[in-house]
Amino acid sequence: MNLAACKLKLYTASMLKKYGIGLTPEQFLLIDLLWNQGTMTQQKVADTMHKDKNSVTKLVDALEQKGLVIRQKGSTDRRENSLVLTSKAIKLKIVAKEKGVSILEDMIEGISEDELRSFLSTLNRMSSNMDSHIG
């Protein structure tokens, strides 16, 4: 599984570069989360992505430098940052989502719907099993 995960990351990185998206796979996941969920706190992003706060901070720093997100201080707790998409990020969404779908379609080429359903079911069960042991 680790080898497949590493290959997935390398493949996705090369395809994002090929399509001129200008994001790493992790940056793409974070911005995709914001495209889908809207403004979120950095802590909520860390929890959702199962990443530590320092890793998310580095991802946000990079996205901020690219002009794709801005941090907004919380009104009640100034230590809490909310991540807001910029207009540049919103414009990128259409192209990036289209290319993301294309990347996924290339990865699953030749795999039947039944095989995909079985694979996803197995991954979900494994995830649940791990969740029950983590606490």
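As a basis for the values below, the full set of heavy atoms in this structure was taken, side chains included, without hydrogen atoms, waters or symmetry mates.
Nearest heavy-atom pair, Glu115 versus Ser112, reported as atom, atom and distance to 0.1 Å: OE1-N, 2.8 Å. Scanning all heavy atoms of the two residues, the minimum distance from Ala13 to Pro25 falls at N-CG, 3.6 Å. The two residues Ser82 and Thr39 have their closest heavy-atom pair at CB-CG2, 3.8 Å.
Separation of atoms CG (Leu120) and CZ (Arg125) is listed at 13.5 Å; rounding is to 0.5 Å. Rounding to the nearest 0.5 angstrom, the gap separating the CG atom in Leu59 from the CD1 atom in Ile31 is 11.0 Å. Rounding to the nearest 0.5 Å places CG of Leu123 at 9.5 Å from OG of Ser118. For the atom pair CG (Leu29) and NZ (Lys51), the distance works out to 8.0 Å, reported to the nearest 0.5 Å. Here the OH-CD1 distance, from Tyr19 to Ile103, works out to 6.0 Å after rounding to the nearest 0.5 Å. Taking CD1 of Ile134 as the start and CE of Met130 as the end, the distance is 7.0 Å to the nearest 0.5 Å.
Side-chain contact check for Met126 versus Met1: some heavy-atom pair is nearer than 4.5 Å. A 4.5 Å side-chain heavy-atom check between Asn124 and Ser128 finds every atom pair outside the cut-off. Looking at heavy atoms from C-beta onward, Val95 lies in side-chain contact with Ile21 at the 4.5 angstrom threshold. Side-chain contact between Met107 and Leu8 is present, with heavy atoms from C-beta onward closer than 4.5 Å.
Arg117 is linked by a side chain to side chain donor-acceptor pair (under 3.5 Å) to Glu113, Asp114, counting only residues two or more places apart in sequence or in another chain. In this view, Gln43 and Asp47 satisfy the side chain to side chain donor-acceptor pair (under 3.5 Å) rule, not counting sequence neighbours. For Lys91, the side chain to side chain donor-acceptor pair (under 3.5 Å) criterion is met by no residue, not counting sequence neighbours. For Lys9, the side chain to side chain donor-acceptor pair (under 3.5 Å) criterion is met by Glu26, not counting sequence neighbours.
Remark: the backbone N or O of Asn129 is paired with a side-chain donor or acceptor of Ser132 at under 3.5 angstrom. Formation of a donor-acceptor pair under 3.5 Å by the Thr57 side chain with backbone atoms of Lys53 is found in this model. The closest donor-acceptor contact from the side chain of Trp35 to the backbone of Leu85 lies at 3.5 Å or more, if one exists at all.
Residue-environment remark: CD1 (Ile94) stays at or below the threshold of 12 foreign heavy atoms within 6.0 Å. More than 12 heavy atoms of other residues, nucleotides or ligands sit less than 6.0 Å from atom NZ of Lys97.
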Q. Between Asn81 and Lys73, is a side chain to side chain contact (heavy atoms under 4.5 Å, CB included) present by the stated rule, with each step listed?
A. CA-CA 5 Å; Asn81 289 320; Lys73 295 282 184 200; 3.6 Å; yes
Q. Given Thr12 and Phe28, is the side chain to side chain contact (heavy atoms under 4.5 Å, CB included) satisfied, shown in steps?
A. CA-CA 10 Å; Thr12 305; Phe28 185 88; over 6 Å; no
Q: Let me see the working for Ile111 and Phe119 under side chain to side chain contact (heavy atoms under 4.5 Å, CB included), right down to the final yes or no.
A: CA-CA 10 Å; Ile111 301 171; Phe119 175 68; over 6 Å; no
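Residues Leu104 and Met15 are members of one and the same hydrophobic cluster, defined by side-chain heavy-atom contacts under 4.5 angstrom among Ile, Leu, Val, Met, Phe, Trp and Tyr.
Residue Leu10 shares its hydrophobic cluster (ILVMFWY side chains chained together at separations under 4.5 Å) with no other residue.
With Met40 as the partner, the side chain to side chain contact (heavy atoms under 4.5 Å, CB included) test is satisfied by one option alone out of Leu30, Leu83, Leu34: Leu34.
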Please tabulate, for the side chains in residues 63-70, all donor-acceptor contacts under 3.5 angstrom to protein atoms that are two or more places apart in sequence or on a different chain.
unit_1, atom_1, unit_2, atom_2, d
Glu64, OE1, Arg71, NH1, 2.6
Lys66, NZ, Gly22, O, 2.5
Lys66, NZ, Gln27, OE1, 3.2

